Each structure stands twice: as C-alpha cells, then as structure tokens.
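Below: the structure, in structure tokens.
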Amino acid sequence: MTLLIEFSYLIAACLFIVGLKYLGLPATARKGNALSALGMLIAIVVTLLDRQVINYTMILAAVGVGSFFGVASAKWIRMTAMPQMVGLQNGFGGAASALVSIAELIRFMTTAETLPLDASSIALLGLLIGGVTFTGSLVAFGKLQGWIQGAPITFRFQQMVNALLVLCFLMGSGYFIFSHSSFPLFLLLIFISFLFGVLFVIPIGGADMPVVISFLNSFSGMAAAVTGFLVLNHALIVSGALVGASGLILTQIMCKAMNRSLTNVLFGAFGGVGGKAVTAQTEFDQTVRTIDAEEAATVLAYAKSVIIVPGYGMAAAQAQHAVQSLVQELEEKGVQVKFAIHPVAGRMPGHMNVLLAEADVPYTQLMDMEDINPEFDKTDVSLVIGANDVVNPAARHDSASPIYGMPILDVDKSKLTIVIKRSMSAGFSGIDNELFYKPNTRMLFGSARDVVLKLVGEIQQL
Amino acid sequence: MEIYIPSLFIFVLAMFAGFELITKVPPTLHTPLMSGANAISGISIIGALLVSGPKETNFSVILGLIAVVFATINVVGGFSVTDRMLQMFKKKKEPK
C-alpha cells in the first residue's frame, strides 16, 4: 500500500511538470492546466488512502466547504480583479502551510518530552514563511481592492523594526526549542510571523503590486516545500519547489520590465497614487495639441497601420469590448491593427492579455514589447488608451526622471500618436509625461469607453 | 538530520526544473501561469490531510481541518479560474 501511495505521488509530480510545460504554449495551455489538476486529484485521493488518515467525515466536510468557496470565487470573479484573486489564493496557500506547521508543533509539544530539534526547526521555518505569505497576501489584496491605501505606508526606523522582528523570531525559536515548549512564547512566535507579513508589504506602493504578487506566489510555493520537509513528502517538496521557482522568475521579469532591483521594490517605498505631477528636470515645450473624436476617427480609418497601446486605464474604464469593436471597424476599412503590450501593463504579469482575451481579441494580435518596438517607426498611428508611464520617452533619455532606464514602448516614433486620457494628471509613478507635449502627439480627452465608442460611431459613418 | 538530505536533493533539482520550464513561457500566458502555479502550491493540502487524519478530535486535528479548507479553496479555485481564463484565449476570430 505504501508503495502504491509513493508511486502515485511520483506520477502526480510528473503531471505537475508536464502540466507546467504545456501551460507554456497558448495552444496546449488548457490541457496543461487540466493535467496539473489531475495530478492534484491523484495526490489527494492517495493521501486519503494513507492508514494514518481515518477521520473521513470531518475531512470530506472540510474539502466540501473549501471546494464550494473555491468554485464560487473562480466563477464570479471579474477578470479585472484577477490580481486580487491570485493574491488571496496565495494567502490561503500560505495559511494552510502555516497551520500545518502550527499543528505539528502542537503535536510535538503535547506528545514528546523534548522537542525534536530538526523537525521543530523546519516547522518554525514553515510557520514563518507561511505566516508571512498569509498576512502579506491579505495586505496586497487590500491594496489592490482599494481597502488599504495604495501609497506606501512608511514610518521611521521601518527597516530596523523589520530586521528586529526577524531577529526576535530566530532567537525566540532557538529559546522555544531548547526550553521545551513554552506556550506563551509559541503564541508570540505565531504573532511575530503574522506581523512581519503585514509590515513587509505595507511600505510597498500600489504600482509595485505585480512584483509583490509574484514574490508572494514564490513564497507560497516555498511554504509548501517546507511543509513537505516537515511531513517528509516528496510530492509536496517537488511541487513547492516548482512554484517557488516560477514565482521567482516572474518576479525577476517584472523587476526588469520596471528597471528596478528587487531590493528597490521591496524597500524603496516607490511612488504615490494619483499624486500631483512632478515636472521633470529637463525643459520642454509645454503646448498640448488636442484632437476631437471626428478627426481622430478619420485619421485612424485612413491609416495603413495602427498600433493600440492599452494600459490599466482602459481596463478600469471597462473599455475592452469597445476597443474590440473599434478594431473590427478599422479592419473592415483595411487598416492593419496590432496591440502592443508592455510587460507591466495591468496589475499583474500578463494581466492585459487576459483582459483583451476576454473581449475576444485573438492572442495572435497581441505583441510583446521586444517584437513591436521596431515596428513603431513604420506605423502611421499609435493609439494610447489609458497607458502613461510605459510610453514616457523620458525613460530613454532623461537620467533625472525616476523612471529613467525602464524599457518603454516607443510610440513617439510612429508618425502620429493619439492619446486617449481622462485628464492631464500623472500616472502611477506620479511624474509628468513629455509624450503628451510632442509635436506629433494629439490628446483626445474623455473616459476611455465613451471616447472609443464615439470613435466606432464616427468610423461607421465614414 | 541525514534523513532530510535526499529530500534536499529533490528540492534543489526541482527548483532547476522549475526555472527551465518557466523561463520559456511567453508573457501572454503569465497570468494563467501564475494562477495555475498558485493552484499547484495548494499541494500543502496533503500536509493538511495527514495532520487532520487521526480520529480523535484534538487541537492539532482542528487546525489541520482549517488548513484543509484553506488549501482546498486554493486548489479548486486556482485550477478553475485558470481554466476559465485559458478558455478565452483564441487564436483567430470565429466566424459569426
């Protein structure tokens, strides 16, 4: 029986690896996800066959409750809220790992005379990582949902307090193991791990949430892996390591896309939300040229090629479907339309692609930054909808700009750029955008959805 | 301590496998990838099941059961929402 269980875990681990591999190609991604789910099902079923596990009624009830909330949340969540969903899910995974560690520690405390050094250390590590993932994810969720202010929350000696907390946790853990289970100290350790998660995420600004979500994703994997060491289960270790690695890679990609180091994101307290525009150091002509919907429609309809640059502003205004009708109208007029997607467009890695996919834009029409940038100087019109910092040319040349060095979409190289924007206010980073004052830029003011629908109407009449 | 060495090997090698697998994923799929990976991290449900296994109801078992609820939300919610997203990815417009 044990052999069967172990073999099944091996199969499950293989299914996770193959599933992740398939998840890497749009054509096979859905199958990949199904394979991973199958792996998980196998792992869960054989665990129930384990002879230690006899508490069936209670367990099935717990699984039932969890499944209900899982299915309900997956069904009702809006695609714009995906980052919150993933954030919350990270938190649940972390919480589960932390709880397993706590339960194991309690079992040691009640059954053993002395705490086993190695298993207790692992459990305490699991508690720390799991606890941080849990509360950190809840804070990230709150920030994304708008329940907690998005701007960095900072106070004096913040880094020192955090360092001190970790030190306390380590020393407390040492004392806890050697003093053989002091219960108040145990509670204090749990409290510290939760508190550290909160303090870790509150100083990080709303604009950096994609990095934080990826990082916590990695953490939730690590927490699962530590749990695997604790219960000595290799399926857990393999899966935890896979998720840990994937989260780290996405974190790295996000940091690169913003030209920031991970340390800078985590400890830099960067950017305010909706703050006043800071004028850049370099002087430039501050004339704004506007365009109305009618003229913009004509320009678009008679262009040969158009590149649309969507930003989170588009999604926030729920303009995806309107944009898709605009694309259809333009294609009927023989215009070649492509989308340029910046890696940090949206609120998490790849978020914009999902939002456009939901509006029936085929993924073959969505171009990544490296592929589309050489095409801008051959393009007639770039249409920027609700994007700001990712199209700011200052990132290329103005070393005084806070976003200097960040890779951007070179929309200013196209013959004409039309920017649909609510007002002249600054983007997430709180800095002014010189693109808006360029001689070949036209500003089209209004809410993204209304403006795009107006454009569709005008083009239909042409 | 020695009993953990084989596990450590497996952990490190799996990390390498993970890096290799994920590096090649195109940006289009990053959100589904993250939510799919997230669902896999709900594997801690196995730890939770083992902890909540005993028949007698003590504090450990109760915590284990709560962990089962959390992990199940993670697993079921994660895989279903990933599937819902991937379902929307289409190559070409379907004829109307």
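Note that the coordinates shown come from a computational prediction; the quantities given were computed from them, not determined experimentally. Keep in mind that the numbers below use all heavy atoms, side chains included, and drop hydrogens, waters and symmetry copies. Order of the sequence lines fixes the chain letters, A, B, ..., with proteins taken first and strands second; residue numbering starts at 1 for each chain.
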Fill in: Contact summary for S36(A) and I40(B), nearest pair of heavy atoms
OG-CD1, 3.9 Å

Item to complete: Report yes if some heavy atom in the side chain of K21(A) is under 4.5 Å from a heavy atom in the side chain of E20(B); otherwise report no.
Response: no

Worksheet entry | Segment of L33(B) engaging chain A (4.5 angstrom heavy-atom cut-off) | both

Item to complete: Would you check, one step at a time, whether the test side-chain contact (heavy atoms from CB on, under 4.5 Å) holds for F229(A) with L8(B)?
Response: CA-CA 8 Å; F229(A) 279 97; L8(B) 196 61; 4.0 Å; yes

Practice prompt. Using a 4.5 Å cut-off on heavy atoms from C-beta on, say whether the side chain of F69(A) contacts that of V69(B).
Written response: no

Worksheet item: How many angstroms lie between NE2 in H234(A) and CZ in F11(B), if you round to the nearest 0.5 Å?
Response: 12.5 Å

Item to complete: With a 4.5 angstrom heavy-atom cut-off, could you sort out which part of I54(A) is near chain B: side chain, backbone, both or neither?
Response: both

Discussion item. Given heavy-atom pairs under 4.5 angstrom as the criterion, report whether the side chain, backbone, both or neither of I122(A) touches chain B.
Written reply: side chain

Fill in: Side chain / backbone / both / neither for M352(A) at chain B, heavy atoms under 4.5 Å
neither

Item to complete: Just do the side-chain contact (heavy atoms from CB on, under 4.5 Å) check on S73(A) and V81(B) with the steps written out, would you?
Response: CA-CA 8 Å; S73(A) 61; V81(B) 85; over 6 Å; no

Discussion item. Rounded at 0.5 Å granularity, tell me how far CG in L88(A) sits from CG in N38(B).
Written reply: 10.0 Å

Worksheet item: About how many Å separate CZ of F16(A) and OG of S41(B), when rounded to the nearest 0.5 Å?
Response: 10.0 Å

Response to the item:
Cut-off 4.5 Å, heavy atoms of chain B, and the answer for A119(A) is both

Worksheet item: Got a sec: does the OH of Y4(B) have more than 12 other heavy atoms crowding it under 6.0 Å?
Response: yes

Discussion item. Using heavy-atom distances under 4.5 Å, tell me whether E56(B) contacts chain A through its side chain, its backbone, both, or neither.
Written reply: neither

Practice prompt. Please tell me if the side chains of S214(A) and M34(B) come closer than 4.5 Å, counting only heavy atoms from C-beta onward.
Written response: yes

Practice prompt. May I ask you to name which of T23(B), D83(B), I10(B), I3(B) has the most heavy-atom pairs under 4.5 Å with chain A?
Written response: D83(B)

Discussion item. Is any side-chain heavy atom of P27(B) closer than 4.5 Å to one of P343(A)?
Written reply: no

Worksheet, complete the sentence: Okay, A48(B) and chain A: the region with an atom under 4.5 Å from a heavy atom over there is both

Worksheet entry | Test log, rule side-chain contact (heavy atoms from CB on, under 4.5 Å), inputs D50(A) and L49(B) | CA-CA 10 Å; D50(A) 192 302; L49(B) 288 173; over 6 Å; no

Worksheet, complete the sentence: d(L48(A) CG, I46(B) CD1) to nearest 0.5 Å is 9.5 Å

Worksheet item: Would a 4.5 Å heavy-atom cut-off, applied to side chains only, mark V25(B) and L23(A) as touching?
Response: no

Worksheet item: Where on M58(A) is there a heavy atom nearer than 4.5 Å to chain B: the side chain, the backbone, both, or neither?
Response: both

Practice prompt. Give, as side chain, backbone, both or neither, the part of F59(B) having an atom under 4.5 angstrom from any heavy atom of chain A.
Written response: side chain

Practice prompt. To the nearest 0.5 Å, tell me how far N353(A) CG sits from M85(B) CE.
Written response: 11.5 Å

Discussion item. One pair to check against side-chain contact (heavy atoms from CB on, under 4.5 Å): Y363(A) and L29(B). What are the steps and the verdict?
Written reply: CA-CA 10 Å; Y363(A) 66 81; L29(B) 288 170; over 6 Å; no

Response to the item:
Taking every heavy atom of L99(A) against every heavy atom of L63(B), the minimum-distance pair comes out as CD2-CD2, 3.8 Å

